[in-house]
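Step one of this worksheet: look at the structure below.
What you see is a predicted model, and the numbers here were worked out from it, not measured in a lab.
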Amino acid sequence: MTDTKEPDMTKSPLTIRLCGPRGFCAGVDRAIQIVVLALKRYGAPVYVRHEIVHNRYVVEGLEAMGAIFVEELDEIPAEHRDQPVVFSAHGVPKSVPADAESRNLFYLDATCPLVSKVHKQAMRHERLGRHVVLIGHAGHPEVIGTMGQLPEGAVSLVETVEDAEKYEPADPDNLGYVTQTTLSVQDTAAVIAKLRERFPNLTAPSADSICYATTNRQEAVSAAAPGCDLFIVVGAPNSSNSKRLVEVASRAGAKRAMLVQRASELDFDVIGDIATLGISAGASAPEVVVNEIIEAFRDRFNAAVELAETAIENEHFLVNRELRDVELTVEDMAFVNGR
């Protein structure tokens, strides 16, 4: 995309390198659609366990439609037990659907299919008698969900190269690894290399665990960041993939890199007079916020937007069967995609 607006010569020139791909991945898009379609089919309230995706703007938009977010299923009042509860895109331990069934709750699982693939990879390792090494961030919902697919003690979490150096398994010759889907490709490769160095018989998953969207967004940022005076990643502070993009931008050569949730967080006194700005967005960040931030810079600079595109994504994941005959309109998703 090349900007064709007439320049305002009273403002300082600014080149904005807008990364592509950016923003919603197919798994996030599907999860949000599931909540929207459930509200259309079943009416409000629709309960959602944990943030459906890690973005407050998205969560608040769904709350305005009638979604109610809870951390645990026991927060759902008895009078609403016939209303659906949606499990977030990050995945949940097996104990969560079991708990829902014990409470006679109707649930819709919005786990990203690529996270479900990691669950299956971990279960396959265990079924074949391997101890599972999970590379990921302690406490992240996806990590909790993946570890919760297997019996306690069947998975060991390794976060860093240092962890891999210190890890002492009971059976060093019988290990299989999987990874969280939203990690830094570079950091994860270093952890795997250290594990392979120490445990040559380490078995890889049948396919790469880091998802295509994470890889694509990191590659786009790596290509756009060199020479940027500032690189902005639109995303939430609890979004793993968004935080990784900030790290990638810094490593790739941006002079400064920062995570921004909304345009209101921009401090132009601190930003100062810049000539080249890079912008990307984490996989759970809506395009309307990207546009909002671009407009904030246009208000202060003679900004020309250039698309820095390294891949084209056309993945699409179907929603749950129960919702496939409900019409989803552009207007239904305008709160995140714009009109």
For a 4.5 angstrom cut-off between non-hydrogen side-chain atoms, does [X] reach [Y]?
X    : Y    : answer
L18  : E306 : no
R41  : D325 : yes
M333 : D29  : yes
N216 : T310 : no
S250 : F231 : no

So does [Y] get a backbone contact from the side chain of [X], meaning a donor-acceptor N/O pair under 3.5 Å?
X    : Y    : answer
T111 : S116 : no
K40  : L323 : no
E313 : P21  : no
R124 : K120 : no
Q83  : G43  : yes
R17  : A224 : yes
Y47  : R81  : no
Q180 : V143 : no
E126 : A122 : no
D332 : T329 : yes

message: Name the residue from R244, K194, R251 that meets the salt bridge (Lys or Arg N to Asp or Glu O under 4.0 Å) definition with D187.
response: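 For D187, the salt bridge (Lys or Arg N to Asp or Glu O under 4.0 Å) check succeeds only for R251.
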Is [Y] reachable from [X] through a run of I, L, V, M, F, W or Y residues, each pair having side-chain heavy atoms under 4.5 Å apart?
X    : Y    : value
I34  : V59  : yes
L328 : F317 : no
V118 : V92  : no
V161 : Y177 : yes
V319 : M65  : yes

[X] atom [atom1], neighbour heavy-atom count above 12 within 6.0 Å:
X    : atom1 : result
R321 : CZ    : no
E152 : CD    : no
D82  : CG    : no

- request: Dump the intermediate steps for salt bridge (Lys or Arg N to Asp or Glu O under 4.0 Å) on K11 and D299, then the final yes or no.
  value: CA-CA 9 Å; K11 299 176 182 177; D299 286 345; 5.5 Å; no
field: From CA spacing to verdict: side chain to side chain contact (heavy atoms under 4.5 Å, CB included), R298, V305
entry: CA-CA 10 Å; R298 277 182 164 148; V305 178; 3.8 Å; yes
Once you round to the nearest 0.5 Å, how far does [atom1] of [X] lie from [atom2] of [Y]?
X    : Y    : atom1 : atom2 : value
H90  : I52  : NE2   : CD1   : 8.5 Å
D273 : D229 : CG    : CG    : 9.0 Å
C112 : K117 : SG    : NZ    : 9.5 Å
S156 : L175 : OG    : CG    : 8.0 Å
H80  : L105 : NE2   : CG    : 12.5 Å
I210 : N241 : CD1   : CG    : 11.5 Å

Looking at [X] and [Y], what are the two nearest heavy atoms and their distance?
X    : Y    : result
V96  : L73  : O-CD1, 3.7 Å
Y57  : P286 : CD2-CG, 3.6 Å
Y42  : P84  : CD1-CG, 3.6 Å
L307 : G20  : CD1-N, 4.2 Å
S239 : S242 : OG-OG, 2.8 Å
A225 : A249 : CB-O, 3.6 Å

- request: Only one of E51, K243, R56, H140 passes side chain to side chain donor-acceptor pair (under 3.5 Å) with N238; say which it is.
  value: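 So the option named by the test is E51.
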- prompt: Does the side chain of T203 come under 3.5 Å of the side chain of H125 through a donor N or O and an acceptor N or O?
  reply: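 Looking only at side-chain atoms, H125 and T203 do not form any donor-acceptor pair under 3.5 Å.
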task: Go through the side-chain N and O atoms of E142 and T181 and say whether any donor and acceptor fall under 3.5 Å apart.
output: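 Their side chains do contain a donor-acceptor pair, which is all the 3.5 Å distance test asks for.
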- prompt: Parallel under 30°, tilted from 30 to 60°, perpendicular over 60°: which one fits the rings of F199 and Y167?
  reply: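 Answer is perpendicular, since the angle exceeds 60°.
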- prompt: Regarding R300 and the six-membered ring of F268, is the cationic atom NZ or CZ under 6.0 Å from the ring centre and inside 45° of its axis?
  reply: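 Because its charged atom sits under 6.0 Å from the ring centre and within 45° of the axis, R300 does stack over F268.
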- prompt: Should E315 and R30 be marked as a salt bridge (Lys or Arg N to Asp or Glu O under 4.0 Å) after you check the CA-CA gap, both sets of side-chain angles, and the distance that decides it?
  reply: CA-CA 11 Å; E315 286 78 6; R30 172 182 179 268; over 6 Å; no
message: Pair Y107, N320 - check side chain to side chain contact (heavy atoms under 4.5 Å, CB included), show working.
response: CA-CA 11 Å; Y107 66 86; N320 312 65; over 6 Å; no
query: Is I312 isolated, or which residues cluster with it under the ILVMFWY side-chain rule of less than 4.5 Å, directly or via members?
result: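 Besides I312, the cluster holds no residue at all.
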task: Tell me, with the steps shown, if D99 and R49 meet salt bridge (Lys or Arg N to Asp or Glu O under 4.0 Å).
output: CA-CA 12 Å; D99 184 25; R49 184 188 178 275; over 6 Å; no
task: Take F297 and I232 through the test side chain to side chain contact (heavy atoms under 4.5 Å, CB included) and record every step on the way to the result.
output: CA-CA 12 Å; F297 278 92; I232 286 176; 3.6 Å; yes
message: salt bridge (Lys or Arg N to Asp or Glu O under 4.0 Å) for E287 and R22? Distances and angles first, verdict last.
response: CA-CA 9 Å; E287 187 69 4; R22 65 182 178 277; 2.7 Å; yes
field: Working for side chain to side chain contact (heavy atoms under 4.5 Å, CB included), residues H131 and N174
entry: CA-CA 6 Å; H131 184 79; N174 212 11; over 6 Å; no
